[in-house]
Amino acid sequence: MRKPFIAGNWKMNTNSATAVALAAGLVKELESVETVDVAVCPPFVYLQSVAAALSASNIAMGAQDVYFEGNGAFTGEISCEMLKDCSCSYVILGHSERRHVIGETDELINKKLKAAIAGGLMPIFCVGELLEERDGGKTMEVVESQVRKGLEGLCEERIQAVTIAYEPVWAIGTGRTATPEQAQEVHAMIRGLLEKMFDKTIAESLRIQYGGSAKPGNTAELMAQPDVDGLLVGGASLKVDDFAQMVKTVA
Ligand code: 13P
């Protein structure tokens with residue numbers, strides 16, 4: 001049985017006051033939730049103050065990226081050890097905004113994944129097709145390639161730390177959610193691929209989140225799909241009421 005996992009990706013939003021207020025609001029709303037794993041991923045600069053607000057709660061914290069080197073002359077980058085030091089358990093990797101806005105490649109994402117796991121972080125590894133790729137009938141091919149290249153060289157023991165997030169790029173921040181059937185189709189393909197790449201036990205135990213305009217109103221129908229194990233939430237995770245409602249719907 002896979003425990004549902006709902007994570008909020010705050011992206012480049014909040015400030016020092018609103019980040020802490022958001023975290024504190026969620027702690028209050030979600031204190032009795034035990035059947036769902038919950039995490040929030042604030043901007044780097046607010047990790048420590050959000051960690052303080054989340055302390056003694058059941059809400060975990062993640063970062064939105066990490067660099068693969070341990071330390072040294074990498075101006076502007078952040079290491080796994082720094083994230084652990086700030087109480088992060090998770091790290092989002094391969095997000096479409098990092099792939100398509102910042103220009104990260106599958107190879108770089110693979111290096112980051114390996115470094116994150118070796119450094120004791122649990123990656124939320126994002127994959128997803130562009131609108132023109134979906135319209136061109138290339139969704140499965142694109143997502144399969146991203147999963148294969150991103151997870152290349154990971155042994156069976158290491159892969160257990162990974163959550164995969166399927167985020168169709170055309171659904172991110174657009175209000176246009178994938179239908180539950182569209183999400184399920186890709187999630188099932190990913191699970192089948194994990195069985196081919198690793199084995200059935202791993203394929204059945206790894207959690208696959210859906211992301212892309214997930215909100216309170218579509219949470220139940222998305223989560224009703226057999227291979228949708230959680231949500232990676234952008235915009236709706238910035239509002240205490242919306243995010244808390246989504247978690248409670250799943251719980
Ligand atoms: P939205 O929920 O705002 O569409 O963002 C999804 C996302 O990119 C989460 O990582």
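Nothing here was measured: the structure is a model prediction, and the numbers come from that model. Heavy atoms only: backbone and side chains are in, while hydrogens, waters and symmetry mates are out. Just so you know, ligand 1 is whichever comes first in the structure, and atom 1 is the first atom listed for that ligand.
- Checked by distance only, ligand 1 and Gly235 come closer than 3.5 Å through their nitrogen or oxygen atoms.
- With Val33 as the fixed residue, the side-chain contact (heavy atoms from CB on, under 4.5 Å) test singles out one of Val247, Leu26, Ile59: Val247.
- More than 12 heavy atoms of other shown residues, nucleotides or ligands fall within 6.0 angstrom of atom NZ in Lys3.
- Any N or O atom pair closer than 3.5 Å counts here, and Gly173 shares at least one such pair with ligand 1.
- More than 12 heavy atoms of other residues, nucleotides or ligands sit less than 6.0 Å from atom CD of Glu156.
- Heavy atoms of His95 found under 4.0 angstrom from ligand 1 belong exclusively to the side chain.
- For atom 2 (O) of ligand 1, the nearest non-hydrogen atom of the protein is Gly234 N, 2.9 Å.
- Of all atoms in ligand 1, numbered sequentially from 1 with element shown, those under 4.0 Å from a heavy atom of Ala171 are 4 (O).
- Heavy atoms of Ile172 found under 4.0 angstrom from ligand 1 belong to the backbone as well as the side chain.
- For Lys11, the heavy-atom gap to ligand 1 drops under 4.0 angstrom.
- Within ligand 1, the atoms closer than 4.0 Å to a non-hydrogen atom of Leu232 are 9 (C), 10 (O), numbered from 1 in the order shown.
- Classified by interplanar angle (parallel below 30°, tilted 30° to 60°, perpendicular above 60°), the ring pair Tyr166/His187 is perpendicular.
- Shown in contact with Ser213 at under 4.0 Å from a heavy atom are these atoms of ligand 1, numbered in order with element: 1 (P), 2 (O), 4 (O).
- Looking at ligand 1, you won't find any N or O of Thr174 less than 3.5 Å from one of its N or O atoms.
- The cationic atom of Lys112 (NZ for Lys, CZ for Arg) does not lie both less than 6.0 Å from the six-membered ring centre of Phe68 and within 45° of the ring axis.
- Considering backbone and side-chain atoms together, Gly212 places no N or O closer than 3.5 Å to any N or O of ligand 1.
- The pair Glu104-Arg99 does not meet the salt-bridge criterion, since no charged nitrogen lies less than 4.0 angstrom from a carboxylate oxygen.
- Not a single donor-acceptor pair under 3.5 Å links the side chain of Glu221 to the backbone N or O of Pro180.
- Every atom of ligand 1 is numbered from 1 in the order shown, and the set under 4.0 Å from a heavy atom of Glu167 is 6 (C), 7 (C), 8 (O), 9 (C), 10 (O).
- For Lys248, the NZ atom counts as densely surrounded, since its 6.0 Å shell holds more than 12 non-hydrogen atoms of other residues, nucleotides or ligands.
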